[in-house]
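Below is one structure, written out as structure tokens; the observations come after it.
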Amino acid sequence: MSTTILLPGQPLPSDFITPPLPQCGPGCYAVEGRILASVVGVPQRNGSVVSVIGREESGNTPDVGSIVIGTVSRLTTQQAHLTLTTSNDRPLPETSEEFQGVIRIGDIRLTERDKIKMGDCFRLGDLVKAKVLSLGDARSYYLSTAANELGVMYAVSEAGNPLLPVSYQEMEDELTGRREKRKVAKPEGI
């Protein structure tokens, strides 16, 4: 699949219309021997059929209750900001705007909410599994990790080594044995 985004009326790239001349599928049409896009989207060729897949068709966007995975991109004392990459085990569509999520300090854990410190739960670069609570504001989704299977899935230690889960609130450096605090997601299959 191409990463070129076409606008309505633009011709498909030459590598999509190489002989034999393909048939037009959804999202495109033929005029005077040329194949043009009819929607904003990404060109795709499947055998002898070319199409343009718009955002609606690729359509995996997070909704309330969706399980999302994202990377911690910013931390404050009250919230963690994530750049989301998947929703319900499917990649999110490529757009000019990244999908953003926010985990507020009260949405990290079900218990001991008054004792939570953001720095003991997440660090920059952590890969986090969360649930969409609400659509939030215009910039981001509100997320929660307040379940055993939600939290940090993958992290790197301060020494740069992968961390393995040890308990629901600690991960251990594979090589040095040093432990770091995180809100750990329960590993699948356990």
Side-chain angles (χ1 to χ4, degrees), residues 1 3 5 42 55-190:
M1 193 164 173
T3 58
I5 295 177
V42 179
R55 183 173 181 160
E56 294 77 26
E57 289 87 20
S58 66
N60 183 32
T61 57
D63 201 3
V64 174
S66 296
I67 301 297
V68 295
I69 296 175
T71 305
V72 177
S73 56
R74 195 174 88 190
L75 281 173
T76 67
T77 57
Q78 294 299 309
Q79 52 192 19
H81 297 261
L82 277 66
T83 301
L84 305 178
T85 54
T86 66
S87 175
N88 295 326
D89 296 325
R90 292 180 52 212
L92 292 170
E94 294 178 19
T95 62
S96 59
E97 294 277 327
E98 293 179 323
F99 289 89
Q100 299 291 320
V102 173
I103 302 173
R104 298 171 293 194
I105 200 159
D107 296 325
I108 294 175
R109 220 181 263 134
L110 289 173
T111 59
E112 301 177 333
R113 290 181 180 207
D114 54 335
K115 297 179 183 176
I116 295 173
K117 292 181 182 171
M118 191 61 72
D120 289 345
C121 298
F122 305 109
R123 301 266 173 91
L124 289 177
D126 287 357
L127 193 65
V128 176
K129 184 184 221 180
K131 184 175 185 175
V132 177
L133 288 179
S134 70
L135 302 181
D137 56 23
R139 292 182 298 278
S140 58
Y141 296 90
Y142 286 126
L143 309 174
S144 171
T145 56
N148 290 340
E149 67 277 4
L150 304 176
V152 176
M153 298 172 55
Y154 176 81
V156 176
S157 70
E158 291 176 354
N161 303 317
L163 291 170
L164 297 174
V166 177
S167 71
Y168 74 95
Q169 59 184 3
E170 280 188 321
M171 296 182 95
E172 184 176 79
D173 187 318
E174 278 185 321
L175 301 176
T176 66
R178 186 164 180 259
R179 291 185 177 202
E180 296 183 13
K181 290 188 175 241
R182 297 287 202 283
K183 192 311 185 179
V184 182
K186 180 181 175 186
E188 290 182 19
I190 293 180

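Note that this is a predicted model, so its numbers are computed, not measured.
- In this structure Glu149 satisfies the side-chain contact (heavy atoms from CB on, under 4.5 Å) test together with Ala147, sequence neighbours excluded.
- Separation of atoms OH (Tyr168) and OG1 (Thr111) is listed at 6.0 Å; rounding is to 0.5 Å.
- Within the structure, salt bridge (charged side-chain N to carboxylate O under 4.0 Å, His left out) contacts touching residues 158-169 (residues at least two apart or in different chains) are Arg123-Glu158, Glu158-Arg178.
- A donor-acceptor contact shorter than 3.5 Å links the side chain of Thr145 to the backbone of Ile108.
- In this structure the side chain of Glu98 never reaches within 4.5 angstrom of the side chain of Ser73, judged on heavy atoms.
- Applying the salt bridge (charged side-chain N to carboxylate O under 4.0 Å, His left out) test to Asp173 and every residue at least two apart in sequence or in another chain returns nothing.
- With sequence neighbours left out, Val102 forms a side-chain contact (heavy atoms from CB on, under 4.5 Å) with Gln79, His81, Arg104, Ser140, Tyr142.
- In this view, Ser167 and Gln169, Glu170 satisfy the side-chain contact (heavy atoms from CB on, under 4.5 Å) rule, not counting sequence neighbours.
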Compile the donor-acceptor pairs under 3.5 Å between side chains in residues 62-71 and protein atoms, sequence neighbours left out, one pair per line.
residue	atom	partner	partner atom	Å
Ser66	OG	Asp63	N	3.0
Ser66	OG	Asp63	O	2.9
Ser66	OG	Asn88	ND2	3.4

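- Residues passing the salt bridge (charged side-chain N to carboxylate O under 4.0 Å, His left out) test with Arg109: none are found, sequence neighbours excluded.
- Val152 pairs by the side-chain contact (heavy atoms from CB on, under 4.5 Å) definition with Phe122, Asp126, Val128, Ala155, Met171, Arg182, not counting sequence neighbours.
- Residues satisfying the salt bridge (charged side-chain N to carboxylate O under 4.0 Å, His left out) criterion with Lys129, sequence neighbours excluded, are Glu188.
- The heavy-atom pair separating Leu110 from Ala146 by the smallest distance is CG-O, 3.4 Å.
- Taking both residues in full, the closest heavy atoms of Ala130 and Leu143 are given as CB-CB, 3.9 Å, listed atom of the first, atom of the second, then distance.
- Rounding to the nearest 0.5 Å gives a distance of 11.0 Å between CG of Leu92 and OG1 of Thr83.
- Using a 4.5 Å heavy-atom threshold, the side chains of Leu127 and Val72 count as separate.
- Rounding to the nearest 0.5 angstrom, the gap separating the CD1 atom in Ile103 from the CE atom in Met118 is 7.5 Å.
- Annotation: salt bridge (charged side-chain N to carboxylate O under 4.0 Å, His left out) contacts of Glu172 (sequence neighbours excluded): Arg179.
- Side-chain contact check for Leu133 versus Asp107: some heavy-atom pair is nearer than 4.5 Å.
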